[in-house]
Amino acid sequence: MPIPPALSSALRTLLPPEGLIDNPQETVVYECDGLTRYRQTPPIVVLPGEREQVCKILKLCKQHKTPLVARGAGTGLSGGALPHKDGVLLNLARMNRILAIDPELRQARVEPGVINLSISQAAQPHGLYYAPDPSSQSACSIGGNIAENAGGVHCLKYGLTVHNILELTFATMDGDCITVGGPCEDAAGYDLTALLIGSEGMLGVVLEAVVKLLPRPPQTEVLLAAFADLHCCADAVAAVIAAGVIPAGLEMMDNPAIRAAENFVHAGYPTDAAAILICELDGHADDVRQELAQVRAIFDDNAATAIIIAQDDEKRAALWAGRKAAFPAIGCLAPDYYCMDGTIPRKCLAEVLKIIGALAAKYQLGIANVFHAGDGNLHPLILYDASNGDSLQRAEAFGNDILRACVTAGGTVTGEHGVGVEKLDAMCAQFPAAELQQFFRVKSAFDPDSLLNPGKGIPTLSRCSELGGMHIHNGVLPHAELPRY
Amino acid sequence: MSVEAVINDLAQRLAEYKKQRQAVRISGSDSKAFYGNRSIGKPLSARMLTGIVAHEPSELYITANAGEPLAAVDKLLAERGQMLPFEPPRYNNAGTVGGAVACGLAGPGKPRYGGVRDSILGIRLINGSGEVLNFGGQVMKNVAGYDISRLNVGALGGLGIIAEATFKVSPRPLAVHTTILELTAEEAVSAIGGYLRRSMPVSATFYDGRRLYIRLSSVNDVGRARRTIGGDSGDGNLWEALRDHRHAFFLDTDSPLWRFSVPAGGRTAAAFAEDLTAGRAVFEWNGGIYWRRGGTATAMHERARILGGFACLFRRARAQNDNTPFLQPPPPPLMRLHRRLKESFDPAAILNPGRLYPGC
């Protein structure tokens with residue numbers, strides 16, 4: 001069912017000319033987000049400039065029973081911003097003002113389209129920064145970060161988005177503009193701030209947020225340790241945490257990832273190592289010095305074959321360069337790659353890596369692994385060639401098997417990229433029916449007509465029973481107009 | 001009875017009460033009976049749900065049944081050099097895991113270590129239909145599904161009986177020192193801001209109208225911070241006394257006790273200056289929480305509103321028999337959302353009805 005003409009006309013009246021696009025040759029730009037496998041050209045795209053317009057847009061869509069998908073910068077990796085065939089695509093990119101920075105309270109008030117990194121850039125003159133740093137931070141929007149509860153390298157020490165947002169103002173499908181939280185240490189009532197964060201655009205549309213700013217740490221150290229054995233590397237990770245050290249960052253790369261990165265940026269990584277750890281420590285100089293000594297000793301105790309400690313900012317940046325370039329570097333190894341995102345208990349790292357290795361052999365596909373080792377959040381990158389036979393289907397099956405292994409190991413199917421459309425099947429393995437039904441009821445409290453980002457995040461019960469927990473649908477995921485929740 | 005049997009029994013009872021529309025009043029050790037609006041209902045205790053389910057120090061989490069005393073959890077964690085980051089209060093030396101989650105109250109170190117909701121990783125819940133549900137798990141990086149665990153923190157039991165909870169734990173500081181400075185309130189707030197900007201190991205602060213008390217904590221050494229800040233050494237027992245409301249300020253129960261959650265700056269300090277000097281108020285959490293003895297609801301809520309925060313009637317005066325609400329109701333659209341969410345967990349409104357807000 002296409003967009004009702006009455007709705008298009010009402011939107012056209014509401015918005016200035018630059019705020020509405022309905023020419024398919026232009027709307028096609030919004031056909032996908034960072035998950036390019038799934039595409040759907042939206043019939044109409046609206047770009048509001050301020051919050052009243054957003055509330056009115058939602059109210060109009062509800063009136064006309066038209067679905068709506070919100071989009072920030074479109075960098076998401078799970079298809080959360082995949083448009084609906086018969087719905088409105090709501091692009092928040094024009095609402096991109098940093099409204100206020102309060103250096104005394106260490107807070108910033110921002111609109112949803114503000115780019116993550118630009119918050120830190122604006123706070124920099126005050127010696128402050130915004131901690132959650134997903135690798136897409138130079139492009140992704142804070143509204144999208146909120147929808148996904150984005151993490152990043154530094155979240156082990158500084159938390160996810162949910163730990164760094166103080167106040168949210170959001171629009172409901174009824175067109176109400178609601179503020180929850182506040183510029184304070186806590187808030188009254190149900191923790192709707194936490195409920196909205198990570199809700200993947202299914203409960204409300206973010207209009208404004210107050211984010212926490214942290215002081216730049218006085219001292220930072222970065223070290224790289226190489227290991228000849230994956231188990232030693234994994235043990236070193238567990239030992240660091242068990243010693244009471246909480247690094248600002250603790251990242252692992254396996255041999256294929258190391259070689260790809262070294263080829264790409266020449267960061268000086270040891271290409272014969274089975275795995276490397278990049279560890280960042282920050283804080284007060286005394287603490288950092290102590291932790292550095294502890295971490296070095298732990299790496300030595302766990303048979304590190306080499307330890308490099310960066311001597312200055314430039315060398316620190318160089319050590320990080322390889323890790324930061326890992327994805328594009330690995331992208332050079334094959335025509336396509338599929339980035340997985342799961343979390344497991346740290347202690348299961350070596351075991352799960354072994355399982356992934358065995359699956360790679362089973363599916364005859366290449367694999368490179370990059371991890372936020374400190375919190376067990378893994379990003380296996382499956383290499384495939386979409387133009388070659390059933391390579392894509394094998395890659396998806398491989399991915400689903402990895403996620404199942406994560407759940408079996410006591411973890412979760414998504415650590416930070418969200419469920420979107422991509423992991424609906426995997427959600428069936430993680431959540432039984434009663435829990436899914438409780439999710440549906442929560443959704444219904446916000447959006448009983450199921451108009452906000454339908455078909456994302458939470459699978460329907462019928463989908464799960466079809467799957468039987470084991471069988472995976474091959475081929476490209478059908479479009480969002482099929483009955484989902 | 002085994003824990004599983006107790007949970008199933010509670011679940012069956014709730015399913016039955018739902019049919020009868022029989023309200024229940026949930027408790028653990030009932031150490032926070034005063035907190036929230038008075039809720040009437042058939043007493044239902046989760047006290048028998050004792051036990052630590054799992055503790056993996058190197059995985060930085062602990063899972064405990066709801067009736068497990070907080071003191072026992074703390075003791076176990078201390079043996080491994082760890083702690084619950086949110087330092088939950090133990091009023092009258094009591095307090096259980098379930099109550100800590102339901103009330104969402106954190107101790108003196110909250111700005112540094114986080115609150116209950118920052119630490120919770122997973123929850124096992126019996127909803128108002130008697131269904132036993134599991135959300136979250138043991139890992140922090142988990143964005144699958146809606147955040148039901150956090151939603152239940154501070155919900156005063158209105159969304160479900162908490163049967164079990166998993167928390168992230170943190171290393172317990174080895175070096176702890178208490179320092180005292182004589183400052184005005186505004187000087188105190190400003191000084192704290194300065195220490196935090198320099199990443200000094202300030203883990204808690206308390207201001208009593210004359211003196212600023214600072215807790216320095218680190219897994220390493222706090223000597224340099226001590227020397228930089230100066231001041232006199234203080235009694236480290238202060239912090240548990242504050243946490244558990246055994247400090248002299250909290251002993252007067254003849255006046256109502258108001259809790260203000262407010263922006264932690266100089267403007268707020270100025271607004272409370274007179275109260276602080278008169279000994280009617282104190283602040284904690286770097287100036288993010290003010291406790292105030294006495295005051296009418298109208299005046300307190302207005303003051304909070306002007307400052308950009310909120311006030312709650314934390315504890316009614318002993319003799320107070322009135323129905324002053326625990327919290328001001330939120331604006332209608334937000335109140336509607338609360339009621340619909342309540343209904344989505346507890347359609348017959350049998351779980352602690354009215355304890356948080358009317359209908360919630």
Side-chain angles (χ1 to χ4, degrees), chain A residues 104-105 127 148-149 151 155 159 162-163 176 178 180 182-186 188-192 194-195 197-199 215 217-218 238 241-242 244 283-284 286-287 290 343 345-347 372 375-377 410-416 418-419 427 430-431 434-435 438-439 441-442 444-446 458, chain B residues 57-60 81 110-111 114-115 117-118 127 131 133-135 137-148 150-151 153-155 171 193 196-201 218-221 224 261-266 285 288-289 308-310 312 327 330 333-334 337-338 340-341 344 356-357:
Chain A
E104 188 204 13
L105 296 181
E148 302 296 323
N149 195 12
C155 67
V162 71
H163 300 100
D176 292 321
I178 297 183
V180 292
C184 311
E185 284 290 338
D186 55 23
Y190 294 155
D191 196 340
L192 295 179
L195 186 65
I197 297 172
S199 64
I241 303 299
H284 204 254
D286 294 337
D287 288 329
Q290 175 115 354
T343 304
R346 262 182 303 271
K347 65 181 179 187
H372 303 301
D375 48 41
N377 180 204
T412 178
V413 299
T414 173
E416 60 184 2
V419 176
M427 286 285 281
Q430 186 165 338
F431 291 100
E435 279 75 357
Q438 183 63 68
F439 286 151
R441 289 193 297 272
V442 166
S444 199
F446 284 81
I458 320 275
Chain B
S58 67
E59 294 300 317
L60 289 181
K110 191 267 175 189
R117 60 91 95 178
D118 295 306
N127 69 10
E131 297 176 302
L133 306 171
N134 295 288
F135 297 103
Q138 297 158 346
V139 295
M140 182 57 87
K141 297 286 287 287
N142 182 355
V143 294
Y146 301 124
D147 201 340
I148 307 299
R150 290 197 172 89
L151 184 64
V153 174
L196 295 175
R197 257 190 299 283
R198 283 139 67 198
S199 295
M200 297 185 73
S218 176
V219 290
N220 304 308
D221 173 59
R224 186 176 311 203
S261 184
V262 280
W285 293 8
I289 291 288
F310 75 97
C312 89
L327 290 167
L334 182 51
L337 208 41
H338 272 80
R340 298 208 294 249
L341 271 170
S344 77
L356 179 66
Y357 293 124

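In this text, all values refer to a predicted model and were calculated from it rather than measured experimentally. Chain letters run A, B, ... following the sequence lines, proteins first, then strands; residues in each count from 1.
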Notebook entry, point to check: Are Asn220(B) and Asp286(A) close enough, and set up right, to give a side chain to side chain contact (heavy atoms under 4.5 Å, CB included), and what steps lead you there?
Noted result: CA-CA 8 Å; Asn220(B) 304 308; Asp286(A) 294 337; over 6 Å; no

Report which part of [X] has an atom under 4.5 Å of a heavy atom belonging to chain A: side chain, backbone, both, or neither.
X         : value
Ser218(B) : side chain
Glu131(B) : side chain
Pro263(B) : both
Asn127(B) : side chain

Check each atom of [X] against the heavy atoms of chain B and say whether the ones under 4.5 Å are side chain, backbone, both or neither.
X         : value
Val180(A) : side chain
Asp186(A) : both
Glu185(A) : both

Margin query: Please evaluate residues Asp287(A) and Arg224(B) with respect to the criterion side chain to side chain contact (heavy atoms under 4.5 Å, CB included), reporting the C-alpha separation (whole Å), side-chain torsions for both, the decisive distance (0.1 Å), and the verdict.
Written below: CA-CA 11 Å; Asp287(A) 288 329; Arg224(B) 186 176 311 203; over 6 Å; no

Any idea which heavy atoms bring [X] and [Y] closest together, and the distance?
X         : Y         : result
Ser58(B)  : Ala238(A) : CB-O, 4.1 Å
Arg340(B) : Phe446(A) : NH2-O, 4.3 Å
Asn134(B) : Glu435(A) : N-OE2, 2.7 Å

Item checked: Heavy-atom donor-acceptor pair, Glu104(A) side chain to Gly266(B) backbone, under 3.5 Å -> yes

Next item on the list: Identify, with sequence neighbours excluded, every residue that meets side chain to side chain donor-acceptor pair (under 3.5 Å) alongside Arg346(A).
Entry: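 By the side chain to side chain donor-acceptor pair (under 3.5 Å) rule, Arg346(A) matches no residue at all.
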
Item checked: By ring-ring contact (aromatic ring centres under 6.0 Å, His included) - contacts of Tyr190(A) (at least two apart) -> His338(B)

Notebook entry, point to check: Gly182(A), Ala242(A), Pro218(A): which one forms the most heavy-atom pairs within less than 4.5 Å of chain B?
Noted result: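 Highest number of heavy-atom pairs under 4.5 Å: Pro218(A).
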
Next item on the list: Flag the one option from Gly127(A), Gly410(A), Pro183(A), Gly159(A) with the top tally of heavy-atom pairs under 4.5 Å to chain B.
Entry: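 Result: the option with the highest number of such pairs is Pro183(A).
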
Next item on the list: Considering only NZ, NE, NH1 and NH2 on the basic side and carboxylate oxygens on the acidic side, decide whether Arg150(B) and Asp191(A) come within less than 4.0 Å.
Entry: no

Notebook entry, point to check: Which value, rounded to the nearest 0.5 Å, describes the distance between His163(A) atom NE2 and Asp118(B) atom CG?
Noted result: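 The NE2 atom of His163(A) sits 5.0 Å away from the CG atom of Asp118(B).
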
Item checked: Reported CG-to-CG distance for the pair Asp176(A) and Leu337(B), which is rounded to 0.5 angstrom -> 8.5 Å

Next item on the list: Show your reasoning for whether side chain to side chain contact (heavy atoms under 4.5 Å, CB included) applies to Ile197(A) and Asp147(B).
Entry: CA-CA 8 Å; Ile197(A) 297 172; Asp147(B) 201 340; over 6 Å; no

Check: In terms of the angle between their ring planes, are Phe439(A) and Tyr146(B) parallel, tilted or perpendicular, with boundaries placed at 30° and 60°?
Finding: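 Ring orientation of Phe439(A) relative to Tyr146(B): perpendicular.
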
Next item on the list: Would you mind telling me which of Val153(B), Leu356(B), Val219(B) has the largest number of heavy-atom pairs within less than 4.5 Å of chain A?
Entry: Leu356(B)

Next item on the list: For each of Leu327(B), Leu196(B), Asp221(B), tally heavy-atom pairs with chain A at distances under 4.5 Å, and name the one with the top tally.
Entry: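 Counting heavy-atom pairs under 4.5 Å, the top option is Leu196(B).
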
